[in-house]
Every structure is written in structure tokens, then in C-alpha cells.
Number of protein chains: 2
Amino acid sequence: MDVKADRELRVDAQRNYDAVLAAAHQLFAEKGIDVSMEDVGRAAGVGKGTLYRHFPDKDHLYAAVSVERFAALRDRATELATSDDSWAALSSWLRDFDRSAHHYRGLSARVSEGLGRTDSAVARACEPMKARAKVLLEHAQSAGEISSDLDITAVLTLVSSLPDSYRQGEGSSELIDVVLRGLHA
Amino acid sequence: MDVKADRELRVDAQRNYDAVLAAAHQLFAEKGIDVSMEDVGRAAGVGKGTLYRHFPDKDHLYAAVSVERFAALRDRATELATSDDSWAALSSWLRDFDRSAHHYRGLSARVSEGLGRTDSAVARACEPMKARAKVLLEHAQSAGEISSDLDITAVLTLVSSLPDSYRQGEGSSELIDVVLRGLHA
DNA sequence: ACCTGAACACCGTTCAAGT
DNA sequence: ACCTGAACACCGTTCAAGT
């Protein structure tokens with residue numbers, strides 16, 4: 001839980017960092033990621049200067065609230081890399097990624113936009129996860145389960161571009177199912 | 001070309017309306033749809049009041065710059081409805097829709113978001129096109145070419161949610177191809 | 001070293017005052 | 001009937017002044 005343990009922080013600074021992150025998690029869950037920085041600061045009980053001292057811009061805050069879920073996905077990819085069914089491994093992981101990317105309303109679109117760029121904090125936070133997912137993709141490609149024309153950035157960009165909430169009637173298809181079907185050779 | 005001919009406008013008002021629309025087309029093409037209303041007004045040589053008199057909010061401007069392309073897609077769907085290859089008709093039309101939705105950077109995401117709601121100006125502008133596309137979808141569903149679990153809103157939302165520009169290396173797959181593949185039974 | 005809140009820049013939208 | 005531009009509300013971000 002002690003995120004950002006690499007840089008030593010004064011106890012009050014660490015407490016503020018944690019408070020901002022907790023407030024962001026809660027507000028994002030309640031209202032989506034478009035809540036204002038001002039609201040996040042107020043909910044955390046800190047001024048804007050403090051907020052921006054710890055998170056240089058809103059993108060860094062998005063990265064910060066994602067880092068634990070990205071780490072879990074990274075570990076999950078590492079596990080799945082030993083699977084003997086490379087398509088099952090990849091598609092199962094992509095379902096998890098899809099769920100995780102949509103954890104907060106609006107977040108998935110930011111992930112999708114960020115994945116291509118090198119200058120994005122979210123993209124940087126994705127890298128270890130992406131490297132492990134790349135292995136899953138390459139396994140599936142070697143097994144001929146998915147086209148070799150697609151790279152891992154394309155696949156993740158595609159999946160995270162799916163709309164936040166398209167709820168249809170009872171028993172209907174999820175859009176992720178359509179995409180996975182399209183990916184499967 | 002004389003859009004909005006239903007409501008009679010004074011000649012100067014019509015000229016301003018046209019100027020705003022032309023400026024929006026040009027600025028959207030150059031810089032994407034996130035250019036400010038102020039910039040659109042300035043480029044058109046009108047004040048903000050005039051801008052908002054003709055387009056009650058930015059969403060209406062998005063609808064206005066889309067209306068001709070939506071009409072073309074509506075007509076195209078009507079033509080294709082007589083095709084005897086229902087999948088070829090649907091997939092060809094969806095490719096056109098994909099291209100059209102991405103005509104201006106950022107527009108596709110707005111179309112995707114709007115398609116579900118009833119209160120959206122973009123959604124209202126889509127309706128006739130959507131009704132004709134629904135026929136194509138139902139033909140393909142009757143022929144067993146695509147799952148009956150998907151409704152036309154789901155399909156259009158999915159296609160327009162694709163990222164604006166994911167350019168991969170040479171000769172690689174386009175994301176629309178993946179989606180169409182996933183849709184085809 | 002860290003914090004605060006006033007201040008700045010920008011943008012969508014409104015409206016009082018004009019012709 | 002239509003136009004203009006000042007004004008308002010909101011938001012991301014910065015920074016001078018404090019402890």
C-alpha cells in the first residue's frame with residue numbers, strides 16, 4: 001500500500017499524498033475521472049499547490065490511481081505466459097484488461113489515447129504490464145491463433161477504446177466479445 | 001448546399017450561418033474538433049452571440065458539420081438495402097461510416113458517445129441514417145451473417161469508438177477490419 | 001521541505017445593450 | 001430580427017508568500 005516508497009517523503013507529505021490518492025479513487029468511482037482537480041483537493045483536505053506538488057498534472061493522477069491495477073495485470077500476464085493454450089491465455093487477459101481499463105468512467109479513453117504516445121504518464125505506468133502482455137500476444141501469434149499484423153499497442157488501444165458503458169437488453173453480446181472474436185484467427 | 005432552408009433567415013443571418021459552418025469545417029479539418037468556439041467565431045468574422053444564436057451549443061455545431069455526410073450515408077444505406085449479399089452490404093457501409101465518423105479528429109468519439117443518448121444533437125442528426133442502417137443490419141441478421149444479439153446502436157457505437165488514428169507499420173491490419181471480422185458470423 | 005490560496009489562462013455559455 | 005462584446009462560471013495550472 002505504501003506507493004511511491006522510492007522517494008522519501010516527510011510524514012506530513014506522505015499523508016497528503018495518500019489522502020489525495022484516496023480522494024481521487026473515491027471521487028473517480030463516484031463521478032468518473034472528469035471531476036475537477038479542485039474537488040479532489042478539497043476532498044483530500046489539501047490545497048492545489050500540494051496536489052500539483054505530488055501529481056504534476058491530471059494525467060499523473062490518472063496514472064497513480066491505475067498503478068495497482070496495472071501491476072496486478074502485469075502479474076496476471078506473467079502467470080498466463082506459462083499456459084499451454086495461448087489463445088485462452090491472451091483472451092482471458094484481455095478481458096481482465098478491459099474490465100480494469102473501465103474501472104472508472106472515462107479512464108479507458110485516456111488509457112487508449114495514452115498508449116500510443118511516449119510522453120504520457122499513463123503510458124509510462126503501462127509499460128511493464130504491456131511488456132508482459134506482449135509475450136502473451138507473441139505466443140498466440142506463434143501458435144497462429146491471431147494475426148501477426150497486430151502489435152501489442154494496437155491490440156490494447158483497440159480494447160481500451162471500447163465505450164465505457166454500452167448496456168444492451170438481456171442476454172445480448174458484450175462489445176469485448178465481438179472484438180475478441182475479430183482478433184481470433 | 002442551402003442547409004437549414006426550413007427556417008427562413010434574413011439574408012445577413014443566413015450569410016453568418018454559412019460563414020460559421022464554413023469556418024467550423026475548415027478549423028475542424030486543420031486542428032480537430034477541440035478548437036474553441038471563440039476561434040470558430042473569429043474565423044467566421046462573427047461574435048459569440050451570433051455563433052450561439054445559430055448553434056445553441058457546441059454539440060449542435062458538431063451535428064451541423066456532420067449532417068451532409070450523414071445524409072450521404074443514409075442514401076448509401078438505401079442503395080445497399082437492395083443488395084443480395086447482405087453481409088457485403090453491411091460491411092461496406094460500416095467501412096464508409098467509420099471513415100465518415102473520423103472525418104475530423106475527435107469527432108468519432110463524440111458520435112460514439114452521442115449515439116446512445118436521446119438528448120444529443122448529434123444523435124438526432126444520425127437518426128435517419130441509423131434507421132436505414134438498421135435495415136442493412138436486419139437483412140444480415142436474417143441471413144445469419146451476424147448475431148441477432150446486436151442492435152444497430154451497439155454496432156454503430158462500437159465502430160465509432162475506434163481510435164482516431166492508429167497507424168501501424170506497413171501492410172498491417174486496420175482496426176476496422178478486426179471489428180468487422182468479429183461481427184461476421 | 002512543504003503547504004496554502006490567490007491569480008492566471010482558457011473555454012463554453014449568457015446577456016445587456018445596440019442596429 | 002439580429003448582432004456585438006463584455007461578463008460569468010468553471011477548470012487546469014502556476015506561483016508568491018508563508019510554516
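Reminder, nothing fancy here: chain letters follow the sequence lines and each chain counts from 1.
In this structure, CD on A:E145 lies 12.0 Å from CG on A:L183, to the nearest 0.5 angstrom.
Contact check for B:V179 versus B:L175: no side-chain heavy atoms found under the 4.5 Å cut-off.
Sorted by first then second residue, the side-chain hydrogen bond (donor to acceptor under 3.5 Å, both in side chains) pairs that include residues 19-31 of chain B, not counting sequence neighbours, are B:H25-B:Y104, B:Q26-B:E30.
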inquiry  = Protein within reach of the bases, or only the backbone? For nucleotides 3-12 of chain D, mark each nucleotide 5' to 3' as B, S or -, using heavy atoms under 4.0 Å.
reply    = SBBBB---SS
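The residues B:D119 and B:R117 are annotated as not salt-bridged, no charged nitrogen and carboxylate oxygen being separated by less than 4.0 angstrom. Classification of B:E127 and B:K130 as a salt-bridged pair fails, no side-chain N sitting under 4.0 Å from a carboxylate O.
Remark: C:dT19 base-pairs with D:dA1; criterion is Watson-Crick or G-U wobble with both hydrogen-bond distances under 3.5 Å. Remark: D:dC8 base-pairs with C:dG12. Criterion, Watson-Crick or G-U wobble with two distances under 3.5 Å.
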